[in-house]
Visitor: 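Structure below; questions to follow.
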Amino acid sequence: MTKRRKPLPPKRHERKPVVPSVEHSIAVNVPFQSRILILFADKCTQSIKSTTQKDAIAMVHAHSDQAMHDKKKEAAAAKKARKEARRAIRRELAAESTSSSAAHDNLGLPPTATVELAASKSNAHRPLPAPPQHDSSGADNNTTICLFYQYKEPSWTAKEHKAALNGVIRLATEHRITGRGRCAPEGLNCTLTASANDMRAFCYALRSWDPDLFDGTDFKLEDGVSSDKRFRTFTLRKVDELVGYALDGIRAPSLNRHSGTHLEAPDYHRQMQRKDTVIIDVRNAYESDIGRFAPPKDGATLLDPKMRTSQDFPKWLNAPETKEQLKNKTVMMYCTGGIRCERATALLNQITDAEPDFKTKGVVMVRGGIERYLKTFPEGGYWKGKNYLFDKRMEQAPANKSAEELEKDVVSYCCLCRQTYSRYRGQFKCGKPLPSTGLACAVPVIVCDRMECQEAATSEPHRLECPLCVRGYQTPETAPDLIGQKRKLGLIGQGGTDVVTGRKAGKLTSIVGTGSSQCPIPPNAPRRLFVGKLPLTITATKLRKSFLQCSNVRVQNIHWITDHTTHAFYGSAFCYLKSTDDAQKAVQALVDGRNLPLCQEYRRKGGGKGRRKQRRMACVAFASPSGGEDTEDVSLIQSMESPCEGEYPPMGTL
């Protein structure tokens, strides 16, 4: 057993200096009488310090108590204000219910018709309706469906857009929400399902997350829906536009300045009785086929834009014959839930403000869309047929209308046997090619449940033809100059900043593309465009469709550019358009912020945790031929006969 050694004393230079105390200093250097006075003064100083510390602590406690009292007082005042607001809303709803009989007299309905005025009211800036008392987790009808949309102007930045996407997903996960939605820089649009309590908790969580934005949101709730109509998961897509009008970016009309007037369902119903009024269905044609408004004979005139997609609406609205029908009239619009009318009414108001010769008496829309109108008028009012829905319910019918009466309103039919039918099942689409694009129409069609029709639709899809193709209807080709209108109205300032998006508008002096330099447009712009940075999986059909969606121009011919040695495609092509105007139109669309939708790829950079995604977009530039216009025609003919021309780019030789 070894003995522990005692630690060695520190060396002289490592020893800490000894600081003498006050008493030691006094005892060594000061006489006796002076020592007493100094020690007394030191004790008094210590006493004063301790008293000051106690007073400071007492003051801090008193201040915190006062702050706590003020906070409780403010919380009590806020609670009282919310209680008074709820009481005021209840009194307002009670007054509305008592005045329903008086309002019923001006609607032109039979005395036995039911009008639910409370159902026509928006939930914006108001408490949501209480959940039903019979709701239970074990019941079959325990699902609540919520439809809502909210536009944001000015739009979210890229960082804010990403934060909004993540925030909504987080709240949906916390409250067990299922459904689907679209999140764009311009706002949010969702169709959701959950239990009654979870759905209301989610809506209030959205209001708490961004009160300035979602306090004004109209959450349209429907309780007691069967559980088989509930979505399984929650999906929120990151998109550029909430509605496919091709009005995203700086093309979007300003809602703050040009949005239409919202009318509640009873007022909208009365407006349809007026003669100097036109009513426009801004939904797609296949939705209008199974149900629409039918105004009285001496009332409004119904106009059907006959839209295959929502992108057709600006072109239809810009047609001279359409403007003639709307001039000096009160224009009414309606859609499923109201979101499409927001942009449509703003678009019309912008056009009338920019064109002095085209004026209307006003543009209105029904608050909450058809969905809220049918809840206000359970017998249907002026509505005929069914309301097409984009959730698992598929369609909505008036609650108090019998099946026999509903069957009389049906005017749609099976596209094969031509028998009356009004249900879209099986996702069958029109297979007839459009003369303007050469692509398939792809409009949903109705196929009845007869075995013969179902088998024919599956085995011979080319026989499926929508009513628009049967009548040979073609959409107008000219779209309004929305960018020029916004410049004229001051919505794009002198610096080029758009008030809707906060982005700067481009000019037709350069071509933009990710990673590409800007180059000036030649004085005599050709009709041949060079397109680079294409994905290697591109096809001729996809490229033509992307130009059509981006700028509404048709590519006549595509010449794949290949390597001289291997003859392999490396991501570039020449696109020949019909005219120089079409080429400039395509370029202007790209400069204004529109991208080729099928030419956007995601590539990864870095590794590990620093790995991130980056968007890669195609670059476009004018490609002038070396020998003038005649040479361009020759090269076009040669490219048609070239083996490089085809649906798929060449693979090359090994």
Side-chain angles (χ1 to χ4, degrees), residues 71-72 74-93 96 118-137 139 141-152 156 160-161 163-184 187-225 227 229-231 233-236 242 262 337-339 367-369 371-372 375 391:
K71 186 179 292 186
K72 289 182 178 179
E74 292 176 0
K79 184 177 180 180
K80 184 177 180 181
R82 290 194 299 269
K83 191 174 182 179
E84 290 296 332
R86 288 194 296 269
R87 288 178 178 176
I89 291 173
R90 293 192 188 100
R91 289 193 295 267
E92 181 182 352
L93 293 176
E96 291 171 358
S120 65
K121 302 298 179 180
S122 170
N123 293 325
H125 304 290
R126 303 170 67 174
L128 300 178
Q133 298 297 328
H134 58 79
D135 180 60
S136 61
S137 58
N141 55 347
N142 63 343
T143 300
T144 296
I145 293 182
C146 177
L147 310 177
F148 76 92
Y149 67 89
Q150 183 60 54
Y151 277 103
K152 175 74 169 62
W156 283 317
E160 293 171 342
H161 186 197
L165 188 77
N166 295 332
V168 174
I169 293 175
R170 176 181 56 83
L171 294 177
T173 304
E174 291 177 358
H175 296 90
R176 298 175 293 277
I177 301 295
T178 59
R180 57 192 179 189
R182 296 164 64 90
C183 184
L188 185 66
N189 179 29
C190 291
T191 301
L192 308 176
T193 57
S195 65
N197 293 326
D198 288 342
M199 186 63 72
R200 285 159 174 80
F202 171 78
C203 296
Y204 282 121
L206 275 181
R207 289 182 173 180
S208 301
W209 177 63
D210 193 344
D212 296 335
L213 182 62
F214 291 103
D215 272 351
T217 303
D218 183 13
F219 295 99
K220 297 179 282 293
L221 303 173
E222 182 174 350
D223 299 307
V225 180
S227 58
K229 301 298 188 292
R230 181 178 296 196
F231 290 98
T233 59
F234 176 75
T235 304
L236 186 63
L242 294 182
H262 291 75
I339 184 172
R367 187 184 300 278
E371 195 264 350
R372 200 175 285 281
K375 289 183 178 179
D391 54 52

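A quick note: this is a predicted structure, and the numbers were derived from the prediction, not measured.
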Visitor: Please give me the minimum heavy-atom distance between Ala194 and Asp198, naming the atom from each residue.
Guide: CB-CB, 4.2 Å
Visitor: Which pair of heavy atoms, one from Phe231 and one from Thr191, lies closest together, and at what distance?
Guide: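 Closest pair (atom of Phe231, atom of Thr191, distance): CE1-O, 4.0 Å.
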Visitor: What pair of heavy atoms forms the shortest contact from Leu242 to Gly187, and how long is it?
Guide: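 What the structure gives for the nearest pair is CD2-O, 3.6 Å.
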Visitor: So, applying side-chain contact (heavy atoms from CB on, under 4.5 Å) with Thr144, which one of Leu192, Val225, Asn197, Asp223 is it?
Guide: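 Filter result, single survivor: Asp223.
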Visitor: With Thr178 as reference, evaluate Thr143, Thr233, Thr193 under the side chain to side chain donor-acceptor pair (under 3.5 Å) test and give the passing residue.
Guide: Thr193
Visitor: Any idea which heavy atoms bring His175 and Ala201 closest together, and the distance?
Guide: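 In this case the closest contact between His175 and Ala201 is CD2-CB, 3.5 Å.
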Visitor: Evaluate the side-chain contact (heavy atoms from CB on, under 4.5 Å) criterion for residues Leu128 and Arg207: first the C-alpha distance (whole Å), next the side-chain angles of each, then the deciding distance (0.1 Å), finally the verdict.
Guide: CA-CA 11 Å; Leu128 300 178; Arg207 289 182 173 180; 4.1 Å; yes
Visitor: To the nearest 0.5 Å, how far apart are CZ in Phe202 and CD in Glu174?
Guide: 10.0 Å
Visitor: Would you check if Leu165 and Trp156 make a side-chain contact, meaning some heavy-atom pair closer than 4.5 Å?
Guide: no
Visitor: Can you check side-chain contact (heavy atoms from CB on, under 4.5 Å) on Lys229 and Asp391, steps first, answer last?
Guide: CA-CA 8 Å; Lys229 301 298 188 292; Asp391 54 52; over 6 Å; no
Visitor: Considering only heavy atoms from C-beta outward, does the side chain of Phe234 approach that of Thr173 to under 4.5 Å?
Guide: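 With C-beta onward as the side chain, the pair stays apart.
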Visitor: Just by modelled atom types, is the Lys121 backbone N or O under 3.5 Å from a matching donor or acceptor in the Arg367 side chain?
Guide: no
Visitor: When you look at Ile177 and Leu171, which way does the side-chain contact (heavy atoms from CB on, under 4.5 Å) test go after all the steps?
Guide: CA-CA 8 Å; Ile177 301 295; Leu171 294 177; over 6 Å; no
Visitor: Is His161 reaching over with its side chain to a backbone N or O of Cys183, donor-acceptor style, under 3.5 angstrom?
Guide: yes
Visitor: In Å and rounded to the nearest 0.5 Å, what is the CZ to CG distance from Arg372 to Asn123?
Guide: 5.5 Å
Visitor: Nearest 0.5 Å, what's the CG-CD1 distance between Asn189 and Ile339?
Guide: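 That separation rounds to 3.5 Å.
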Visitor: Looking at CG of Asp215 and CZ of Arg126, how far apart are the two atoms once the value is rounded to the nearest 0.5 Å?
Guide: 13.5 Å
Visitor: Say whether, by atom type as modelled, one donor and one acceptor occur between the side chain of Arg180 and the main chain of Thr235 under 3.5 angstrom.
Guide: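 No, because the side chain of Arg180 does not come within donor-acceptor range (under 3.5 Å) of the backbone of Thr235.
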Visitor: Quick check: closest heavy atoms across Pro132 and Arg200, and the distance to 0.1 Å?
Guide: CD-NH2, 4.5 Å
Visitor: Are the side chains of Phe219 and Cys190 in touch, meaning some heavy atoms are under 4.5 Å apart?
Guide: no
Visitor: Using side-chain heavy atoms (C-beta onward) and a distance below 4.5 Å, is Leu206 in contact with Asp210?
Guide: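 They are not in contact (no side-chain heavy atoms under 4.5 Å apart), so the answer is no.
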Visitor: Hey, does Lys220 have a side-chain heavy atom less than 4.5 Å from the side chain of Tyr149?
Guide: yes
